[in-house]
Amino acid sequence: MNCTECKEKLIELLEDVLPESQRQTVEEHLKDCQICQAELQKLKELSKRLISDSKTWQQTSLEDAVCNRIIREQSQRLKQSNRIKRQFRIWRKIMNSKITKFAAAAVIIIAIMIGINQFGGSMDGASVAWAEVAKNVEQTQAFIFRTRSTQTRSKENETTEMNTMTYISPKYGTRIDGYKNGQIEITTYGSLAEKAIISLIHPIKKYERIPMPEEEITAAPEGPKEFIKRFFEVEYKKLGRKIIDGREVEGIEVHDPKLMSANFTIESLTGRLWVDVATSFPVLLETEFVGNNDGSIHISSVYDNFQWNVELEASFFEPDIPEDYDLFKSTD
Amino acid sequence: MADSDQYYIKQCLNGHPDEFRELIRRYQAALSAYLAGRLANRSDAEEAAQETFVRAYFGLAELKKQNSFCSWLFGIANRVAKEQIRNQKRLADVDNLPQLRCEEKKADVPLEKAIAELPDPYREIVLLRFYASRSCSQIAEQLNMPVGTVTKQLSRAYEKLRQLLSDEKEVQK
């Protein structure tokens, strides 16, 4: 046995996995070779050093700390999951309502915003600035935004455009004003005071009232906040910076269809979120997706004019039903 | 097999979350040592190891190759470490250690840093062998490779470690 052959076997000797016959050959070589002896000694020293360092870590127990964190996290996820289930119930009721068929585009878009994936992936890739955005959105109280959407249903050869203004207050509820061709078409209140979802369809002067437990209405205003937060929990790519309305913004783009769920299958999705570099608040959100398993639904939406943490009066959320509006009946 | 990672993962997924404790016990030292090498701070490493285990627990259902739990766990740890480094803007620099680290007389910082710099397959074997106290045969079984391959990889890992440690000494001179 020469030195090269011996050195190749030293780890096996050290690890005690060398077959007996080879062991004897290696040991015989070692007796007469100081170079290989020195090599073995170096390996033993390193092995000793590794064992000694590993002992410093084996004294630490992470078991209880990890298990406690898992229990806490599980309870938070359960609460969030229940809240999302409640949100789904509300919007399902609205969508199944006959009156809202008149303004289907607005309703579908809202449902998509609310029906987000329960748990995102890891926060991998989140930088300090983006973590700040997520925190700002999370801590926001009342806020306002504008939505402009175009929905195309190729099977029906139908294109609908709808603009909405959405007002959200954790204290009073939600109000959505939907416009078509510059005219107000629908107003929907999620009123905490009245414990109901009230929708007014202006062109036909009808209204509808769906009673709703308070806790379910309280759950609803979280919608767009939750949606924006999900951006940081799926894989995203950075879009760099640009100027919008004189403000420097930085953007990210996502393509994970799990980001949203709707009452149809989402096949492909592009979402872009632009955030004010100075304030770390979102200023523009753009979504575009194709769905229904055959690409027959195409919806593109732009959410902008965000006003975060605004003062909103209680009266603004009180359903204002004009006297000449009639209750919508199933026969209408 | 009751002793395999796969067995404990299945138990967790079948509604016995307490079985996750065994996986924590098995890999906590390996994971913490690796993270200490990346983060250069023992308390950060412990915090990151906790975070890694929590993420792993909630991601178990998504783990496709259950027999690759260990590699998967280190993949998560790597992402957690990157996030911590990015968030704290603190690079793993032995020359620039915080006060806390200086008091950790027992920990072999240069060694941990060298382990963190090893190529993935070598590092996994070193961590399993010394920090998870597994024999070469157990590692071979776990990683589904012949014992000879394990010892060869271990031999190369030793060589690389010695090189990294001697480079470290050179820098210190």
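Chain A is the first sequence line, chain B the second, and so forth, proteins listed ahead of strands; every chain is numbered from 1. Since we're looking at a predicted model, the values are computed, not measured.
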Check: Side-chain donor-acceptor pair under 3.5 Å between A:Trp57 and B:Glu112, yes or no?
Finding: yes
Item checked: Heavy-atom contact with chain A under 4.5 Å, split by part of B:Tyr131 -> both
Item checked: Gap between atom CZ of B:Arg25 and atom CD of A:Glu63 - 0.5 Å precision -> 4.5 Å
Note to self: I'd like to verify something: which residue of A:Leu10, A:Ile11, A:Asp64, A:Val17 has the highest number of heavy-atom pairs under 4.5 Å with chain B?
What the structure shows: A:Ile11
Item checked: Any A:Asp16 side-chain heavy atom under 4.5 Å of B:Cys136 side chain -> no
Note to self: Counting neighbours of CD1 on A:Ile51 that are heavy atoms of other residues, nucleotides or ligands and sit closer than 6.0 Å, is the number greater than 12?
What the structure shows: yes
Item checked: Atom pair CZ (B:Arg129) and OG (A:Ser54), whose distance is rounded to the nearest 0.5 Å -> 9.5 Å
Next item on the list: Under 4.5 Å heavy-atom distance to chain B, tell me which part of A:Leu14 shows up: side chain, backbone, both or neither.
Entry: side chain
Checklist line | Proximity of residues 146-160 of chain B to chain A, residues having a non-hydrogen atom under 4.5 angstrom | finding: B:Val147, B:Thr151, B:Leu154, B:Ser155, B:Tyr158
Margin query: Taking B:Arg55 first and then A:Glu73, would you say they form a salt bridge - that is, a charged N and a carboxylate O separated by under 4.0 Å?
Written below: no
Check: Got a salt bridge between A:Lys55 and B:Asp108, using NZ or NE/NH1/NH2 to carboxylate O under 4.0 Å?
Finding: no
Next item on the list: Please look at A:Val66 and chain B and tell me whether the side chain, the backbone, both or neither of the residue comes under 4.5 angstrom of a heavy atom of that chain.
Entry: both
Next item on the list: Name the region of B:Ile115, side chain, backbone, both or neither, that has any atom closer than 4.5 Å to a heavy atom of chain A.
Entry: side chain
Margin query: If I take atom CD from residue B:Gln50 and atom CG from residue A:Leu62, how far apart are they, to the nearest 0.5 angstrom?
Written below: 5.5 Å
Notebook entry, point to check: Would the number of heavy atoms belonging to other residues, nucleotides or ligands and lying under 6.0 Å from NZ of A:Lys44 be above 12?
Noted result: no
Checklist line | Intermediate values then yes/no, side-chain contact (heavy atoms from CB on, under 4.5 Å), B:Ile24 and A:Cys67 | finding: CA-CA 9 Å; B:Ile24 301 172; A:Cys67 291; 4.1 Å; yes
Check: Which atoms of A:Ser52 come close to chain B, meaning under 4.5 Å heavy atom to heavy atom: side chain ones, backbone ones, both, or neither?
Finding: neither
Next item on the list: Could you pull out the closest heavy-atom pair between A:Ile70 and B:Phe58, with the gap in Å?
Entry: O-CZ, 3.6 Å
Note to self: If you compare all heavy atoms of A:Lys42 against all heavy atoms of B:Arg162, which two are closest, and at what distance to 0.1 Å?
What the structure shows: CD-NH2, 3.3 Å
Margin query: Just so I understand: if I count every heavy-atom pair under 4.5 Å between each of B:Leu111, B:Asp18, B:Leu161, B:Thr52 and chain A, which residue has the most?
Written below: B:Leu111
Notebook entry, point to check: chain A heavy atoms under 4.5 Å from B:Glu22: which part of the residue, side chain, backbone, both or neither?
Noted result: neither
Check: Are side-chain heavy atoms of A:Leu46 and B:Leu165 found at a separation under 4.5 Å?
Finding: yes
Checklist line | Proximity breakdown for B:Ala30 and chain A, heavy-atom pairs closer than 4.5 Å | finding: neither
Checklist line | Over 12 non-hydrogen atoms of neighbours within 6.0 angstrom of CG in B:Asn14 | finding: yes
